[in-house]
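Excluded from the calculations below are hydrogen atoms, water molecules and symmetry mates; all remaining heavy atoms, backbone and side chain alike, are included. Chain naming here is simple, since letters A, B, ... match the order of the sequence lines and numbering starts at 1 in each.
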Protein chains: 2
Amino acid sequence: MGEHGSGRWQRRKAARPDEIRDAALALFVEKGFAATRMDEVARRAGVSKGTVYLYFENKEALLRSVVEELVEPALAQAEAQVAGHHGSARDLIRALISQWWAMVGHGRLSGLPKLMVAEAGNFPELARYFSEKVVKRARRLFQRTLELGIAQGEFRPLDAAAAARLAMAPLVYASIWRHSLACCGDEDFDPERFIQAHLDVFLSGIDAAGACE
Amino acid sequence: MGEHGSGRWQRRKAARPDEIRDAALALFVEKGFAATRMDEVARRAGVSKGTVYLYFENKEALLRSVVEELVEPALAQAEAQVAGHHGSARDLIRALISQWWAMVGHGRLSGLPKLMVAEAGNFPELARYFSEKVVKRARRLFQRTLELGIAQGEFRPLDAAAAARLAMAPLVYASIWRHSLACCGDEDFDPERFIQAHLDVFLSGIDAAGACE
DNA sequence: CCTCAATAACTGACTGGTCAGTTATTTTTT
DNA sequence: AAAAAATAACTGACCAGTCAGTTATTGAGG
């Protein structure tokens, strides 16, 4: 392709796949994979249906691409941020949760958890990929931090694996909720307040001082 | 039902709608509404497709019926059980969570949260019904209990509305998980242990003193 | 600078299969 | 035998995926 250039079409061409992915993600999240028509994806991306098939094999390949392309950079960034963090385990938990919420709660990935949950049954391979390479990887960050905190005496001794899931559950819940019932029904759901309350209760709950049992 | 005699077919006939609902629920949860074929629902219920249309207007009416018929009795029972409960707020929270998990974690309703989350976008009216008449109603049970506990000095002062959501989030998360990623990927998810850990951390987290029990 | 041909990007009408819903027919019950 | 229940064959709308044709872009020759 042209190295130099009269850019209008060149630039658009390079951006196409991403534009199509964004359109597809939005619709897959909103209506589900099966109920989304390729015509619609195309229209939303500002192209014709034929063009979508220039960049993606078929509908399923488009779904795969949406999940894989969007997830990788976000996760890498999160891991880097954690690796470079210094401070108490408690602060790191706070940072992880804020980070996660900034990324998945608002960004383009916001709808991914709902999409994956809804389609896991129909695309087991993709679900496996997501579970192994995304969820587990993210959970490990929490689990390690919790183990660190226990070792340092900040947190009381507890099942770190279960607690890591506990730390994430309200986050996942919140982002799924935002894209389902919150849209049509549960309008008085305030994610920010909810996440704050979670941080508050969770950190109190695992604190070494308040140990029960 | 049959006042006299050959009861076998009578009974079957009376049970049909429920059998069809169960079949439909299982498939809707597993594959999603759009990807489920009416032929399949019928086959699973042990009847032909035409029969399904003897009992339900159309596919959407079947979905509505699945949600509404299954939910009402369970919710009523839960409220009754709570109304008759005496003891500390802490015990009541424990009872509510166990109750919820016994009902939604294992029973026939097990898949409902996933189904509603996945289809809320395509059926806003149904989502609204579910949100108002089911979720809010269930949440009120938790919220009242928390307010009671705060008033009695068992729990520290906190945002009861947010805390009620926090109490439920891991439960919802767990039952959604069981029907999505846990099926194909995250096999080492142990719901019982997870719920136990939740009870433990949550109750410590909202405890007034820091000394539980 | 202005053709004009070659190529890259894109389009939308068309096809073949699928599936929700209907209807004519058969089976079961009374 | 009549009525009720159930079936299986049928219909028509819909949609993923294709492909023959159109439009934009580049580049060479005049």
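- For B/Asn58 and C/dT22, the CG to C1' distance is 13 Å, given to the nearest whole Å.
- At the phosphate of D/dA5, neither OP1 nor OP2 sits under 4.0 Å from any side-chain N or O atom of B/Arg16.
- Classified by interplanar angle (parallel below 30°, tilted 30° to 60°, perpendicular above 60°), the ring pair B/Phe202/B/His198 is tilted.
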Please list, pair by pair, any protein nitrogen or oxygen found under 3.5 Å from a nitrogen or oxygen in nucleotides 10-15 of chain D.
from	atom 1	to	atom 2	distance (Å)
D/dC15	OP1	A/Arg37	NE	3.1

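- The CG atom of B/Leu62 sits 11 Å away from the P atom of C/dA20 (whole-angstrom rounding).
- Contacts of B/Arg144 classified as side chain to side chain contact (heavy atoms under 4.5 Å, CB included), with partners at least two apart in sequence or in another chain: B/Arg140.
- Residue B/Leu63 contributes atom CG, which lies 13 Å from atom P of C/dA20 at whole-angstrom precision.
- In this structure, the salt bridge (charged side-chain N to carboxylate O under 4.0 Å, His left out) partners of A/Asp22, at least two apart in sequence or on a different chain, are A/Arg108.
- With sequence neighbours excluded, no residue forms a ring pair (Phe, Tyr, Trp, His ring centres under 6.0 Å) with A/Phe155.
- B/Arg43 has its CZ atom 17 Å from the C1' atom of D/dA6, to the nearest Å.
- Annotation: ring pair (Phe, Tyr, Trp, His ring centres under 6.0 Å) contacts involving residues 116-146 of chain B, sequence neighbours excluded, comprise B/Phe33-B/Phe123.
- Side-chain nitrogen and oxygen atoms of A/Thr51 include none within less than 4.0 Å of the OP1 or OP2 phosphate oxygen of C/dA9.
- Taking atom CG on A/Leu54 and atom C1' on C/dA8, their separation rounds to 10 Å, with Å as the unit.
- Residue B/Tyr55 is classed as a sugar-phosphate contact, given heavy-atom separations below 4.0 Å to backbone atoms only.
- For residues 66-76 of chain B, the salt bridge (charged side-chain N to carboxylate O under 4.0 Å, His left out) pairs, not counting sequence neighbours, are B/Glu72-B/Arg137.
- Taking atom CZ of residue A/Phe28 and atom C1' of nucleotide D/dA16, one finds them 12 Å apart after rounding to whole Å.
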